Amino acid sequence: MSRTTDPAPVGAFPRLDWVDAMLSPALRAAVESLPAAERLVAGYHRGWCEADGAPRVSTSGGGKSVRPALTLLAATAVGARPAEAVPGAVAVELVHDFTLLHDDVIDGDALRRHRPAAWSLFGTPAAVLTGDALMVAALSALAQAPAERAGAAVQELVSTLLELVEGQSHDVAFEKAHEVSVADYLAMAVGKTGSLIGCACALGGALAGADTVRVGGLREFGRHLGVAFQCADDILGIWGRTACSGKPVGADLAARKKSLPVVAALAAPGAAAGRLRELYRASHPMEDAEVDLARRLVEDAGGRQAAEGEARRQMAAALRSLSLARPTVDGHRQLHDLACAMTRHAARRTPHAARRTPHAARRTPHAARRTRSDGGTSRAPYRGQGGPLSWRNPCSVPPPVPWPPLVDPTRRGRCP
């Protein structure tokens, strides 16, 4: 396979230029089909234009396209061409944008992708209506798939939309609940985040014509990956940096939201957990100093460590589920690398990410020697030191290194 993405700087997310090249024409056509008012809001939200409709010189603010990438790679993993899954890739990206527009309204977040959130410029009704329009456009995009596969694909998305609503509803309800267990939180995370990422993977298999067992394996891979990603995102929301994430860090603590680190910390014994419970039971708005205190208390009570551990467990479950899909060798490698990139990227955007346990730095003595892209050999997984997680131990954390390129499955031949 030939490379079509460039190595990214340390800590940066791998570039997915080939995904954008396949996705962009159909995605832009779907947005262009919206009514004028919703088209403007959607174009602004994706970073294609300014609030007045003027085109942006840089259009890099539309997100990382990981869900469409998972859809296209899932199709290749079961032996199809990625082009066959483009309707599914467009649909999941439109649904993702729909959820972001609504989430920003529900949470009152004023920043999205380093810019003012759409609702803060166009108003709440415009943002909500644009989200609704994007959901309709997503269903329309799937309906354009070949007739023999469109029905199953639409049903997959409809089921996911119901899960998304339920997950978001639980997330909002948790804000007023006095007690939320870790089990309750994980069930919510499956609906809010895992369902759409699972749908992205399942759509790739369904549109490729895979059987129900392989589609189910892809779906479960994505659902577990989604929960792992949510865990990492929760860590980012407390200990990240706004300049890196594009979202207001600490806002969840200020709003007394019960993310996984907080839920785990509140349930812990000890003085730190007790003080945190007092802060969360208070009714007055949190001052900046109290937000900083809450951040320290969550970590002291073990909330961060618990979230990191759950992310590792979910990643391991995702990789086990992926084997049920019987993916091709290249497909497995690409999905594995992208999954690791999703979770490690979020962790790396925190000030003291990648805290190592004694076991995390150990390398298995039986690791197979693998050929690097530069022709050399290494005991590290896949392409030299580039593999984000150890093949034998998906919970390990490697030293900071540049990202390897994710290759374009539409082009054949050896890497240069």
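All values below come from the heavy atoms of this structure, side chains included, with hydrogens, waters and symmetry mates left out. The structure displayed is predicted, hence computed values, not measured ones.
- Ala189 meets the side-chain contact (heavy atoms from CB on, under 4.5 Å) test with Tyr185, Val227, Gln230; sequence neighbours excluded.
- Annotation for Gly250 and Val291: closest pair O-CG1, 4.0 Å, computed over non-hydrogen atoms.
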**Request:** Output, in order, the C-alpha distance, side-chain angles, deciding distance and verdict of side chain to side chain contact (heavy atoms under 4.5 Å, CB included) for Arg304 and Val298.
**Result:** CA-CA 7 Å; Arg304 180 172 184 160; Val298 171; 5.6 Å; no

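- When every heavy atom of Leu207 is checked against every heavy atom of Glu84, the shortest pair comes out as CB-O, 3.7 Å.
- Looking at Arg56, its side chain never comes within 3.5 Å of a backbone N or O of Cys49 through a donor-acceptor pair.
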**Message:** Would Ser159 and Gln155 count as a side chain to side chain donor-acceptor pair (under 3.5 Å) here? Give the steps.
**Reply:** CA-CA 6 Å; Ser159 299; Gln155 184 57 52; 3.2 Å; yes

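- A salt bridge links Glu93 to Arg46: one of the charged nitrogens lies within less than 4.0 Å of a carboxylate oxygen.
- For the atom pair Asp234 CG and Asp252 CG, the distance stands at 7.0 Å (nearest 0.5 Å).
- Using a 4.5 Å heavy-atom threshold, the side chains of Leu34 and Leu134 count as touching.
- Of the inter-residue distances, the one linking Thr193 atom OG1 with His96 atom NE2 reads 9.5 Å to the nearest 0.5 angstrom.
- Counting only residues at least two apart or in different chains, salt bridge (Lys or Arg N to Asp or Glu O under 4.0 Å) contacts with residues 137-146 are absent.
- Using a distance-only test at 3.5 Å, with no hydrogens or angles considered, a donor-acceptor pair links the side chain of Arg277 to the main chain of Leu266.
- Counting heavy atoms from C-beta outward, Leu203 and Leu142 have side chains that approach closer than 4.5 Å.
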**Item:** Worked verdict on Glu220 versus Leu324 for side chain to side chain contact (heavy atoms under 4.5 Å, CB included)
**Value:** CA-CA 9 Å; Glu220 289 306 305; Leu324 300 177; 6.0 Å; no

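- A donor-acceptor pair under 3.5 Å is formed between the side chain of Arg256 and the backbone N or O of Leu279.
- Taking each heavy atom of Thr71 and Ala200 in turn, the nearest pair found is OG1-O, 2.9 Å.
- The shortest side-chain heavy-atom distance between Leu139 and Leu157 falls under the 4.5 Å cut-off.
- Checked for salt-bridge contact, Lys257 and Asp107 meet the test: a charged N lies under 4.0 Å from a carboxylate O.
- A donor-acceptor pair is defined here as one N or O able to donate and one able to accept, closer than 3.5 Å; such a pair exists between the side chain of Ser323 and the backbone of Arg320.
- At least one side-chain heavy atom of Pro116 sits less than 4.5 Å from a side-chain heavy atom of Tyr44.
- Phe98 pairs with exactly one of Leu100, Val95, Leu101 by the side-chain contact (heavy atoms from CB on, under 4.5 Å) rule, that one being Val95.
- Note that the CG atom of Leu162 and the OG atom of Ser195 stand 10.0 Å from one another [nearest 0.5 Å].
- Atom-to-atom distance recorded for Leu186:CG and Glu310:CD is 4.5 Å, nearest 0.5 angstrom.
- Residue pairs meeting the salt bridge (Lys or Arg N to Asp or Glu O under 4.0 Å) criterion with at least one partner in residues 184-195, sequence neighbours excluded, are Asp171-Lys192.
- Residue Ala273 comes nearest to Ala301 through the heavy atom pair N-CB, 4.0 Å, listed as atom of the first residue, atom of the second, then distance.
- Within the 4.5 Å cutoff, no side-chain heavy atoms of Met315 are placed close to those of Arg312.
- A donor-acceptor pair is defined here as one N or O able to donate and one able to accept, closer than 3.5 Å; no such pair exists between the side chain of Ser169 and the backbone of Val165.
- Considering CG of Leu338 and OG1 of Thr343, their distance stands at 9.5 Å, rounded to 0.5 Å.
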**Request:** Apply side chain to side chain contact (heavy atoms under 4.5 Å, CB included) to the pair Leu70 and Val92, showing each step before the final yes or no.
**Result:** CA-CA 10 Å; Leu70 287 168; Val92 295; over 6 Å; no

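- Contact annotation: the side chain of Tyr280 approaches that of Met286 to within less than 4.5 Å [non-hydrogen atoms, C-beta and beyond].
- We find that Arg113 and Asp104 are not joined by a salt bridge, their nearest charged nitrogen and carboxylate oxygen being 4.0 Å or further apart.
- Of the possible donor and acceptor atoms, none in the side chain of Ser65 sits under 3.5 Å from a partner among the backbone N and O of Pro68.
- Within the 3.5 Å criterion, the main-chain N or O of Val128 finds a donor-acceptor partner in the side chain of His102.
- Closest non-hydrogen pair, Ala110 versus Ser120, comes out as O-OG, 4.1 Å.
- Heavy atoms from other residues, nucleotides or ligands lying under 6.0 Å from CD of Glu179 number 12 at most.
- Under the 4.0 Å criterion applied to side-chain N and carboxylate O atoms, Glu299 and Arg295 are not assigned as salt-bridge partners.
- Atom NE2 of His45 sits about 10.0 Å away from atom CZ of Arg115, to the nearest 0.5 Å.
- Summarising the geometry of Trp48 relative to Arg28, their closest heavy-atom pair is CD1-NH2, 3.4 Å, with the distance given to 0.1 Å.
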**Request:** Would you sort out whether Met188 and Lys258 count as a side chain to side chain contact (heavy atoms under 4.5 Å, CB included), showing the intermediate values?
**Result:** CA-CA 11 Å; Met188 179 277 297; Lys258 296 180 178 66; over 6 Å; no

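- Side-chain contact between Val41 and Trp119: absent, with no pair of heavy atoms (C-beta onward) separated by less than 4.5 Å.
- Under the 4.5 Å side-chain criterion, counting only non-hydrogen atoms from C-beta, Ile235 is not in contact with Leu260.
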